[in-house]
Amino acid sequence: MTPFQQEVYCALSLIPNGCVTTYGEIARHLGTKAVRAVGTAVGKNPNAPVVPCHRVVPSSGKIGNYSGEGGVATKIRLLKEEGIDVTDGKIVAYRQHHFTFEDLDDVL
DNA sequence: TACATGACTATCC
DNA sequence: GGGATAGCCATGT
């Protein structure tokens, strides 16, 4: 476990239920631009049940990938369970569910 | 130390 | 909006 991964998992745990965020947002919250590194860290995901890694999607509004049980299919199911509808591998009303860490500060 | 790889993003057609 | 290309940083060999 690298310190970088801990930062990533910590950020993931901040994502509220029923919301999704992008790798870019996470990277920005961590004060870095290493979105690829974030993806790598999340991909490892040694904290599978501890961290809601399924709430992380690419900026394209699609599902992206998932290394857990069942892969993307499970990721989609989990999101639906949280009230986020997914169709054809794409998130419905993606921008509506999109969460940014700025929201935690109530700055908006 | 150097090179290759990856759950990505931005830019250009 | 969607495919191709380049840039990016952390990790592992």
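All chains are named by letter (A, B, ...) in the order of the sequence lines, taking the proteins before the strands, and each is independently numbered beginning at 1.
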Length of the OH-P vector between A/Tyr94 and C/dG1, whole Å:
12 Å
Identify which nucleotide among B/dT9, B/dA7, C/dA10 has an atom closest to any side-chain atom of A/Thr2, counting heavy atoms from C-beta outward.
C/dA10
Below 4.0 Å: OP1/OP2 of B/dT9 and any side-chain N or O of A/Ser59
yes
Out of the candidates A/Leu12, A/Ile63, A/Val51, only one should pair with A/Val56 under the side-chain contact (heavy atoms from CB on, under 4.5 Å) rule; please name it.
A/Leu12
For A/Ala34, which contact category applies under a 4.0 Å heavy-atom criterion: base, sugar-phosphate, or nothing?
sugar-phosphate
d(A/Phe4 CZ, A/Thr32 OG1) to nearest 0.5 Å is 5.5 Å
Rounded to whole Å, please give me the gap between CD in A/Gln5 and P in B/dA7.
13 Å
Nearest-Å distance, CD (A/Gln6) to P (C/dT11)?
11 Å
Can you tell me how far P of B/dC8 sits from CG of A/Leu30, to the nearest Å?
16 Å
To the nearest Å, how far apart are A/Lys62 NZ and B/dC8 C1'?
13 Å
Result of checking A/Glu82, A/Arg77, A/Lys75 against A/His54 for side-chain hydrogen bond (donor to acceptor under 3.5 Å, both in side chains):
A/Glu82
N/O donor-acceptor pair, side chain A/Thr40 with base C/dA10, under 3.5 angstrom:
no
Output the rounded distance in Å from CD1 (A/Ile26) to C1' (B/dC8).
11 Å
Separation of B/dT9 C1' from A/Glu25 CD (nearest whole Å)
12 Å
Under 4.0 Å, counting only non-hydrogen atoms across every strand here, what does A/Phe4 touch: a base, just sugar-phosphate, or nothing?
sugar-phosphate
Check the distance between C/dT11's P and A/Glu7's CD and give it to me in whole angstrom.
11 Å
Between A/Thr22 (side chain only) and A/Val57 (backbone N and O only), is there a donor and an acceptor less than 3.5 Å apart?
no
Within the modelled atom types, does a donor on one side and an acceptor on the other bring the side chain of A/Arg36 and the base of B/dC8 under 3.5 Å apart?
yes
With rounding to the nearest 0.5 angstrom, report the CG to CD distance, A/Asn45 to A/Gln5.
9.5 Å
Quick one: which of C/dT11, C/dC9, B/dC8 gets closest to the side chain of A/Val35?
B/dC8
